[in-house]
Amino acid sequence: MKLPPAVLALACLSVQVIGNTLSNRNGSYDVAEHLNGEKHALLQDIVTWDNQSLYIHGERIMIFSGEIHPFRLPVQSLHLDVFQKVKALGFNTVSFYVDWALLEGNRGTYRADGVFNLQPFFDAASQAGIYLLARPGPYINAEDDASLWPSGALPTYFLERHMQQSPSTPLSLVEFQGGFFGAWGGPGYDKCSALFNAQFENVFYKNNLAAGVAIMNLYMIYGGTNWGNLGYPGGYTSYDYAAAISETREINREKYSALKLIGNFLKVSPSYLDAVPGNASTTQYTQTADLTVTPLIGQNTHSAFFVVRHTDYASTSSTNYTLKLPTSAGTLTVPQLGGSLTLNGRDTKLHVTDYEVGTINVLYSTAEVLTWKKFHDYRVLIVYGGPGEHHEIAISSKSAAIVLSGEQSSILTKSVNGQSVISWDVSSSRIIVKVENLLILLIDRNTAYNYWVPQLDNSPSKTDFTTMSTVENSIIVKAGYLVRTAYIQGDQLHVTADFNSTTEVEIIGAPKSVKCLFINGEEFSYNRDANDFWIAQFNYTSPDLILPDFSKLEWKFINSLPEVQPIYDDSAWISANHNTTNNTVAPLKTPVSLYSSDYGFHTGSLLYRGHFTANGLEKTFTMQTQGGTAYGSSVWLNQTFIGSWEGSPSSDSQSSTFNLPSLESGASYVLTIIVEIMGLDEEWRGPPRQLKNPRGILDYNLSGHNKDDISWKLTGNLGGEDYIDLARGPLNEGGLYAERQGWHQPDPPSDHWQTSSPLTGLDKAGVGFYSTSFHLDLPRYYDVPLSFVFSDDSATTKPYRVQLYVNGYQFGKFMPHIGPQTEFAVPQGILNYQGKNWVALTIWAQENGGAKLGGFRLTNSTPVRSALCDIVASEQPVYEKRAGAY
Ligand SMILES: *[C@@H]1O[C@H](CO)[C@@H](O)[C@H](O)[C@H]1NC(C)=O
Ligand SMILES: *[C@@H]1O[C@H](CO)[C@@H](O)[C@H](O)[C@H]1NC(C)=O
Ligand SMILES: *[C@@H]1O[C@H](CO)[C@@H](O)[C@H](O)[C@H]1NC(C)=O
Ligand SMILES: *[C@@H]1O[C@H](CO)[C@@H](O)[C@H](O)[C@H]1NC(C)=O
Ligand SMILES: *[C@@H]1O[C@H](CO)[C@@H](O)[C@H](O)[C@H]1NC(C)=O
Ligand SMILES: *[C@@H]1O[C@H](CO)[C@@H](O)[C@H](O)[C@H]1NC(C)=O
Ligand SMILES: *[C@@H]1O[C@H](CO)[C@@H](O)[C@H](O)[C@H]1NC(C)=O
Ligand SMILES: *[C@@H]1O[C@H](CO)[C@@H](O)[C@H](O)[C@H]1NC(C)=O
Ligand SMILES: *[C@@H]1O[C@H](CO)[C@@H](O)[C@H](O)[C@H]1NC(C)=O
């Protein structure tokens, strides 16, 4: 499938799309020739490569990337927020998918307006200085890579396999594990992020570095939400993914902070891309077989990197070691001043030798490098260690190290053979040591989490793409929650940052030309300390938030299953009259196809009506339905509830047999059946098959009848592929009666509906529709994460299925009997933080006892005082009477 010209053109204009349009590096490897035996003209000379890395504009660059799917965050003005949080990690790239199901829901009609427009996503990337890797589709998958601390599962074969498969290209890991999708009935993302945590990052990502990875994309860096039925059946509404940036765009997981240390290190370590991995060894560099060391040796520089891990990567023990390091000053046994190094369980260390800090040579550092900077007349290097560890650093310099601040008793300095050697015990109090004009900050890992390294830009509205020059042209800011950008205007230094508590802000490297400090546009007074660091304080105040109490609001209620009433007229429904199917993997078992996609219905709930004339011999009705894991179905015979398949996390298809009451021979009857589609399957390996698994009724049998005694009609969402709600797209609404009418949109015609709350619920099997509205007036300049939280009423008959609609957008499916999700995040822009909001629920009670919610609340987590502002609401078309709705 071709990318629509607009998207491709816009993508190329706004940001350099890497990946699709790669060409050979002139004068280097002619990959096209290599592959096809024929020469192709260069398409562009912006992005080129050799066997070690990509180049952008001729400069070697490590692509450190995270995956984000624009369609999983349907508020355009929030993309910048996420991109800035990615940039702050030290990353330079975001990889994204394009979801064709949303853009071409109606074959041949391409729509990319409103929340589906890709241009604002490209613009935000460009504004944040982030390159994009495009994965345009048409088929996309949402899958994972490695599995979890099982024994022997550290992938140590990457380099070898790469050298077999593609030695002339840089080693790329384009979907490396950043978390995990959450499955229906699974443990939930809290448990998942506990597994894919900071330790996982340190062990697995540094293992990738040991293999010499030069293009690394983490799937996901921000997951977002499977709103509006866009997920596949294996996953529930939240696509948080236990990623470094949470679904609510919060960055308070330690894995974000730990990743920031790795990202910022690589950003200032160009010699990494020049280094070639050597053989991993348990004997050459350490004296214990418990540790494995992989060297990466510089070719055109003296720099080398030594990646030290436990041989049993999952080991939780601490191992002491000394290192035998080849350096420009000969092979040294480190630490030279006594003591030993320690590798704690599930950690990996990246030691450097002959590491350049702007013309100063760091002979070695056992503490890991966070960043370094060259300022006008001095340099700063920040290194960190884990709590309680002992470390040593040596600078190739005859000058003695001077301890400027810190606990003297824990530091030892000595000049040895033209080296200035510093050794220390890591603690939470910072040590500053000076060698020549280099200030070395020795800190612990938790303190390192508070450091940020924003590039210094000349524009308030544009951060440069990362190059070595922007890397040197940066400041270092010790703050708290987030530092987004820094820029200079005249004599003003501006910093934009977010705070979740009162925070000391320390600025290292403010240029000589600036005098005034502005944080988020407001001037702050500051002190200069002895090192010429600027110190200011940001006072955080917790705002008063007033959120609605759903138990006190007036809810309007209407029955959403009028189809079972005698007066209901289904003459406008589509007749199931295809006696063949377009489906190539599932031959028909029924006289006419009842596969929903044969009739253009691909999303949400399906309804079937099966008409027949009774002969008195009916005893049972059997049907096989299929909707993807956790799907459910229910059956009525005229007004009589017959039974349900309640659903299960392990079942994507089910055959159910229901007993029937005795029927009156000669009388006409109608079976009304609901089948909820949980999405289409994704494909794993081999020829496309699973993704074609049909949805709906696959087979049935009415005892005493031939199959063709029943004549069928069906419906899904109103209009099918000719979907009605262009703003919210082809998948957002399903086929329940209230959805077909459009009542889930704001301002439904509810004046004459009953007043009844979802906390009261339904007293029998059926589908109820509930709607209410409320105002929010949340403070501006705060990013307030809001979630809708359901709780089950333990006394209620389960099972039941709930859909949450917020201002017309479906933002949640709650199924207490399946779980695990009870909390549904909804972003600002879908919710109006200063204005009116409409919330609607469909509740489908699958058993005779009916169903009611135990609780339903809107809650917030810590409001973050944010530089983010001017969030523009996504389009929220209100209810209008739908022509032809049935
Ligand atoms: C590539 O090299 C050829 C031959 O040396 C030269 O003619 C051409 O201009 C070069 N292209 C680029 C994009 O540098
Ligand atoms: C890349 O190629 C150069 C030149 O042939 C070679 O020296 C170097 O080892 C190669 N790099 C890797 C990672 O194989
Ligand atoms: C503030 O954010 C930090 C992470 O940056 C987190 O550790 C801390 O718990 C947060 N504080 C509050 C009150 O949410
Ligand atoms: C790495 O090991 C392989 C096989 O054992 C050997 O051929 C190669 O020379 C080694 N490379 C280095 C740099 O020692
Ligand atoms: C490891 O080294 C630390 C000091 O750095 C020491 O306290 C500890 O006892 C040592 N552990 C072992 C097993 O030698
Ligand atoms: C922040 O609070 C401190 C202590 O209450 C106060 O001295 C300082 O003036 C405040 N700073 C600002 C910018 O309001
Ligand atoms: C069953 O429902 C259909 C459609 O509403 C109706 O025509 C029929 O009379 C009903 N049958 C009985 C026995 O009530
Ligand atoms: C199947 O449909 C075709 C076209 O509508 C029709 O000609 C044919 O008779 C049908 N076959 C059966 C068995 O109903
Ligand atoms: C399904 O098959 C029919 C008959 O071959 C064809 O006319 C129709 O276009 C197909 N529909 C789709 C969606 O492929």
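We count ligands from 1, going down the list as the structure has it; atoms in each ligand are counted the same way.
Between the side chains of Ser328 and Asp354, at least one donor-acceptor pair of N or O atoms lies under 3.5 Å. Between the side chains of Glu522 and Asn520, no donor-acceptor pair is found at a separation under 3.5 Å.
Proximity to Asn500 (heavy-atom distance under 4.0 Å) selects the following atoms of ligand 3: 1 (C), 2 (O), 3 (C), 8 (C), 10 (C), 11 (N), 12 (C), 14 (O). Residue-ligand proximity, Met163 to ligand 2, at heavy-atom distances under 4.0 Å covers atoms 14 (O). Every atom of ligand 2 is numbered from 1 in the order shown, and the set under 4.0 Å from a heavy atom of Gln52 is 1 (C), 8 (C), 10 (C), 11 (N), 12 (C), 13 (C).
Using modelled atom types, no side-chain atom of Tyr355 and backbone atom of Ala304 make a donor-acceptor pair closer than 3.5 Å.
A distance of 6.0 Å separates OG1 of Thr156 from CZ of Arg309, quoted to the nearest 0.5 Å.
Polar contact check, Asn252 against ligand 3: no nitrogen or oxygen pair lies under 3.5 Å apart.
Atom CZ of Phe518 is surrounded by more than 12 heavy atoms from other residues, nucleotides or ligands within 6.0 Å.
Remark: Arg72 qualifies as a cation-pi partner of Tyr239 under the 6.0 Å distance and 45° angle criteria applied to the six-membered ring.
Minimum interatomic distance between Ala479 and Trp452 (heavy atoms only, all atoms of both residues): N-CD1, 4.1 Å.
Residues Phe538 and Phe499 place their aromatic rings such that the two centres sit under 6.0 Å apart.
Listed by chain and number, Asn279 each place a non-hydrogen atom less than 4.0 angstrom from ligand 4.
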